[in-house]
There are 2 protein chains.
Amino acid sequence: MTIPTARRRASIADVARIAGVSVGTVSNVLNRPERVLPATRERVEVAIEQLAFVRNGSARQLRAGTITTVGAIVLDLSNPFFTDVVRGIEHRLELDSYTAMVASSDDDPAREHRYLRLFEEHGVLGVMVVPATDEISHLLTLRERGVGVVLLDRPSPVPDLSSVAVDDVLGGELAARHLLEQGHTRITFLNGPHYIRQCADRHAGVVRALEAAGLDPAEALVEVTVPELNADGGEAGIRTLLERGDRPSAVFCVNDLTALGALRTLRREGISVPDDVALVGYDDVTFAAELATPLTSVRQPTHQLGERAADLLLRPPGSPAEQVVFEPELVVRESSTRAA
Amino acid sequence: MTIPTARRRASIADVARIAGVSVGTVSNVLNRPERVLPATRERVEVAIEQLAFVRNGSARQLRAGTITTVGAIVLDLSNPFFTDVVRGIEHRLELDSYTAMVASSDDDPAREHRYLRLFEEHGVLGVMVVPATDEISHLLTLRERGVGVVLLDRPSPVPDLSSVAVDDVLGGELAARHLLEQGHTRITFLNGPHYIRQCADRHAGVVRALEAAGLDPAEALVEVTVPELNADGGEAGIRTLLERGDRPSAVFCVNDLTALGALRTLRREGISVPDDVALVGYDDVTFAAELATPLTSVRQPTHQLGERAADLLLRPPGSPAEQVVFEPELVVRESSTRAA
DNA sequence: ATGAAAGCGCTAACAT
DNA sequence: ATGTTAGCGCTTTCAT
């Protein structure tokens, strides 16, 4: 004779009472319906419907240890590169009915730590993370505590930690080689600071391409460090060059946003792309193909990156670590190819 | 004398044993440290450190009913509009140390339902959702079960459900009025199908602007329905127009991607923007300002949209529902303004 | 095929 | 200030 004043969520005990069965049977209907007589099952299902019963996930997880959730932490959810990676992750997880909790660290190690702890407290199977810094010891200890870890967009520095990354050295090489093949003998590289691994790697790739062509990087490569990896950075980079009287013939930009700013600035100065300057970007973002002058760019297999990371995470425990490295691909468009 | 073979996560009982205190004390150290003697606290903290103890969130939530998690479901995480909204949400949640589980439904009602159920099972405080269809009865029943619900980017059809949206009628009106002010007397609208609420609303806004200017929409408005709301759709729209010999002087596109395709196609046909055709887009995405011809566009307060939604969700239970409608804003750039 | 009951790890009374 | 203990809702033996 209890009068429910503050409405409480229905539990399986409530369902059991209404259906006239035991909680064990309700649990069976929920998890192994084949073990229960159709008639009983029917009664239970009616009761579930009637009470609008929704299973309590916390209790379920506490008792069963069932974990069908994984975490993903990227640097910036408003960057198309990362959202594409996340979509790849979700795509793979869906195959096994796992779900991802997604968070962005905004390059902030403190935020990264907070989310990692949250994920761990909620007993995720594992996490995929693009580390905000080079310091990844916390990920190693996390793994020692039984949480799966896969490094995203960063090769693992240790052999027993799985990672998926893209070969940025190759990406830089592809871009530079393409420009050399267009007949250029000197390449200007609008790059970010080398403490960002991607920037250092792409630089190394450019050097490799130059050397392969028998050129001396000290002469054939002009590197300009841009203040930010976006359009304003690209504009600043081009201005720096022009101010010092250096008018490039071939420009490689560390990403498409930078290339966008470079393009804009060159135009304003009456310098034509591709007639006067050949331009190559990186990432092949959606709008690269849509610009007035479609942009040649290095495409990374973002979707696959995410899929593979999720794949590695879902492997049975004890599987050996794997370091996956994808190859980027050059997409040639107008911005780098002078009409014949 | 137990030998731990399969390593189990340390529990507060383990911590208590190591520290030589009771579980209650450990719990107090965790939740109300001021109630425990500094010396004892120290011992407990050492034990926690030593065992690398991480609290079990499921048990905690089961017992305490503590809910500091909310859910958010958007249509498409790779659309900058939605990622900006999500950032607004996260930004607001952070103030109260809540965290969001984010998911994208991909316009698929089935996915939307799946995620809603997952969220409910995990006892979220509430959900913010951009519904995939007009059918929202499941959200109403969800709320009856005690889960907070806020509609995102969609005004609520019922007064007791909170929502945050942007006035799309006004957005359409702003765009059209601007073009009329530039001296145009006929507006071509590359729009999506009217069963998408945003498209219907923006159309209504355009009509309003024309009527306010004393023009007859039947004559002054040419509406072309594009097959997709992206650059290819914009290209198709412009081609349709040109093929029927209709060369517009003022074009309003339902979003920036469509405008991008329109811009590209007009250029290829030797039609100059803005000299021959004035062009206005919608959303003011990042690259709108960065195009060779910077794009005039209607900006929506995406960040605020998310912040406000989270704000409504976090209000004390029993607060009256609110329907918030934001105003969009026209950002005028080169694409619509002929040089004097 | 179904029921009874233990217990997952934690928090919050309550007792000391 | 600290300890003891009930119980959150569920799954899963073990009986029947």
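Letters A, B, ... mirror the listed sequences (proteins, then strands); counts begin at 1.
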Open item on the list: Output the rounded distance in Å from CG (N31(B)) to P (dT2(D)).
Closed with: 16 Å
Open item on the list: If you compare every side-chain N and O of R41(A) against the phosphate oxygens of dA1(C) (OP1, OP2), does one of them come in below 4.0 Å?
Closed with: no
Task: Under 4.0 Å protein heavy-atom contacts per nucleotide of nucleotides 3-9 of chain C, with B for base, S for backbone only and - for none - done: B-BBBBB
TODO: Begin from the C-alpha positions of V129(A) and L152(A) and carry the test side chain to side chain contact (heavy atoms under 4.5 Å, CB included) through to its verdict.
DONE: CA-CA 5 Å; V129(A) 30; L152(A) 259 179; over 6 Å; no
Task: Rounded distance in Å - CZ (R35(B)) to C1' (dT2(D)) - done: 12 Å
Open item on the list: Check this for me: does any side-chain nitrogen of one of E121(B) and R60(A) sit under 4.0 Å from a carboxylate oxygen of the other?
Closed with: no
Task: Heavy-atom pair with the smallest gap, counting every atom of V325(B) and V166(B) - done: CG1-C, 4.2 Å
Task: E34(B) atom CD, neighbour heavy-atom count above 12 within 6.0 Å - done: yes
Task: Length of the CZ-C1' vector between R32(B) and dC10(C), whole Å - done: 12 Å
TODO: Rounded to the nearest angstrom, tell me the gap between atom CG in D14(B) and atom C1' in dC10(C).
DONE: 13 Å
TODO: Inspect the surroundings of CZ in R117(A) and state if more than 12 heavy atoms from other residues, nucleotides or ligands are less than 6.0 Å away.
DONE: no
Task: Spacing between R43(B) atom CZ and dT2(D) atom C1', to the nearest angstrom - done: 11 Å
Open item on the list: Measure NE2/H122(A) against P/dC10(C) and give the value in whole Å, please.
Closed with: 13 Å
TODO: Could you walk me through whether D84(B) and R87(B) pass the salt bridge (charged side-chain N to carboxylate O under 4.0 Å, His left out) test, one step at a time?
DONE: CA-CA 5 Å; D84(B) 285 351; R87(B) 294 184 73 85; 5.6 Å; no
